Amino acid sequence: KISACIFDLDGVVVDTAKYHYIAWKSLANGLGFDFTEEDNERLKGVSRMRSLEILMEIGGVDLDEETQLKLAAKKNEEYLEYILKMTPEEILPGVKDFFEDLKAKGIKIALGSASKNAMTILEQLKLTSYFDAIVDGTHVSKAKPDPEVFLKGAELLNSEPANCVVFEDAEAGVEAAINGGMRCVGIGSPDVLNKANFVVPGFVGFSMAQLNF
Ligand code: B16
Ligand code: MG
């Protein structure tokens with residue numbers, strides 16, 4: 001019996017990847033190399049500091065730790081400029097109806113995101129009140145595919161992992177859910193999310209009744 005649904009943020013509830021991309025690209029350009037949308041795919045679901053490491057690898061640059069922290073902060077400042085302009089219209093199609101449906105069914109809702117800006121984003125989207133529990137990048141020490149972020153969410157909701165469904169768009173996130181003993185619905189393409197129990201392109205027309213696990 002499913003008692004809780006845990007949602008990733010970027011790529012599931014909202015497309016913040018496009019803003020991450022602009023900010024990482026301008027950082028890369030400042031360092032003298034290009035950063036493509038394809039490169040950006042590698043940063044989805046990955047923490048801020050790990051993202052910078054991947055970016056350095058792409059550009060073939062080596063930076064000391066102090067510089068890395070400074071650049072990550074600079075990237076976040078630019079990213080925040082975009083985030084603070086977001087409106088509820090940017091909630092991905094079908095998400096709000098799905099939340100309403102879960103509420104009506106008495107199923108709890110939690111957030112399980114790697115982002116340290118998750119609270120700001122939920123506020124901008126006016127979604128905070130839908131969540132019974134929020135676990136984000138400020139609460140965890142181990143990144144996905146470690147299940148920490150989802151297990152914390154389940155614990156806050158007093159739900160057994162076996163009774164939780166995770167919604168994820170990134171491969172590492174799907175793995176995190178499975179590693180935590182939860183079922184996972186992949187949001188995106190079945191080719192990439194082949195470890196998920198069920199894959200849908202998005203929430204439009206989707207309901208819990210479709211899950212046959
Ligand atoms: P921040 P999610 C992730 O969000 C993003 O997918 C990833 O691209 C980003 O680097 C990470 O959050 C950290 O974000 O810099 O805001 O702390 O998909 O886990 O909701
Ligand atoms: Mg994501």
Side-chain angles (χ1 to χ4, degrees), residues 5-28 35-58 68-84 86 90-92 95 109-125 127-128 131 133-153 166-177 179-180 184-189 192-193 195-196 199-203:
C5 286
I6 309 180
F7 295 84
D8 175 50
L9 183 60
D10 174 32
V12 172
V13 173
V14 68
D15 178 23
T16 41
K18 59 184 178 205
Y19 303 126
H20 281 296
Y21 173 59
I22 300 172
W24 283 127
K25 190 181 173 69
S26 89
L27 193 83
F35 180 71
T36 66
E37 269 185 70
E38 203 187 321
D39 293 330
N40 195 54
E41 287 299 308
R42 292 178 59 189
L43 310 188
K44 287 193 176 172
V46 172
S47 76
R48 194 181 307 166
M49 293 314 291
R50 179 67 196 132
S51 295
L52 180 57
E53 277 171 29
I54 296 172
L55 191 102
M56 285 160 51
E57 206 181 289
I58 290 166
Q68 286 183 36
L69 287 170
K70 238 169 57 195
L71 291 179
K74 193 174 148 204
K75 178 265 169 181
N76 196 53
E77 260 174 52
E78 181 169 350
Y79 175 65
L80 271 172
E81 280 178 33
Y82 293 99
I83 291 311
L84 292 171
M86 286 175 84
E90 290 184 55
I91 299 168
L92 289 174
V95 168
I109 299 177
L111 188 82
S113 166
S115 174
K116 292 188 166 151
N117 297 300
M119 288 302 292
T120 311
I121 297 166
L122 292 182
E123 282 293 308
Q124 287 296 125
L125 301 175
L127 283 179
T128 313
F131 288 87
I134 292 176
V135 185
D136 65 25
T138 66
H139 305 117
V140 292
S141 55
K142 287 170 262 170
K144 301 166 187 178
D146 189 284
E148 184 183 15
V149 67
F150 296 136
L151 289 176
K152 278 203 170 169
V166 169
F167 294 82
E168 254 293 348
D169 71 310
E171 209 184 341
V174 172
E175 283 171 20
N179 289 339
C184 186
V185 174
I187 306 294
S189 143
V192 187
L193 305 172
K195 294 198 180 104
V199 181
V200 284
F203 288 98

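Just so you know, ligand 1 is whichever comes first in the structure, and atom 1 is the first atom listed for that ligand. These figures come from a predicted structure and were not determined experimentally.
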[X] side chain to [Y] backbone, donor-acceptor under 3.5 Å:
X    : Y    : answer
D169 : G188 : no
K25  : F35  : yes
E168 : I187 : no
E148 : V140 : no
D136 : A118 : no
K152 : H139 : yes
N76  : A73  : no

Minimum non-hydrogen distance to atom 7 (C) of ligand 1, winning option of N40, V46, N117: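 Shortest heavy-atom distance from atom 7 (C) of ligand 1: V46.
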Among D10, L9, V149, D169, whose heavy atom sits nearest atom 5 (C) of ligand 1?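 When every heavy atom of D10, L9, V149, D169 is considered, D10 comes closest to atom 5 (C) of ligand 1.
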Need the ligand 1 atom indices (1-based, order shown) with element for anything under 4.0 Å from a heavy-atom of D8.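 Listed by number with element, the hits are 2 (P), 18 (O), 19 (O), 20 (O).
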Closer than 4.0 Å to some heavy atom of K144 - which atoms of ligand 1 meet that?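 Heavy-atom distances to K144 below 4.0 Å select 19 (O).
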Under 3.5 Å: N/O of S115 near N/O of ligand 1: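 S115 vs ligand 1: N/O contact under 3.5 Å present.
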So is K44 polar-close to ligand 1, meaning N/O to N/O under 3.5 Å?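 Such a contact does not occur with ligand 1.
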Starting from the Mg ion (ligand 2), look over the N/O/S atoms of D8 and name the nearest one.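 Closest to the Mg ion (ligand 2) among those atoms: OD2.
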Tell me whether E168 reaches ligand 1 (any heavy atom closer than 4.0 angstrom to a ligand atom).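 Judged by the 4.0 Å heavy-atom criterion, E168 does not count as contacting ligand 1.
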Look at ligand 1 and say whether G11 reaches it with a heavy atom at a distance under 4.0 Å.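 No, G11 has no heavy atom closer than 4.0 Å to ligand 1.
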What is the closest protein heavy atom to atom 19 (O) of ligand 1, and at what distance does it sit?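 The closest heavy atom on the protein side is A114 N, 2.7 Å.
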What part of [X], side chain, backbone, both or neither, has a heavy atom within less than 4.0 angstrom of ligand 1?
X   : value
S51 : side chain
H20 : side chain
L43 : backbone

Are side-chain heavy atoms of I6 and F167 found at a separation under 4.5 Å?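 I6 vs F167: side chains apart.
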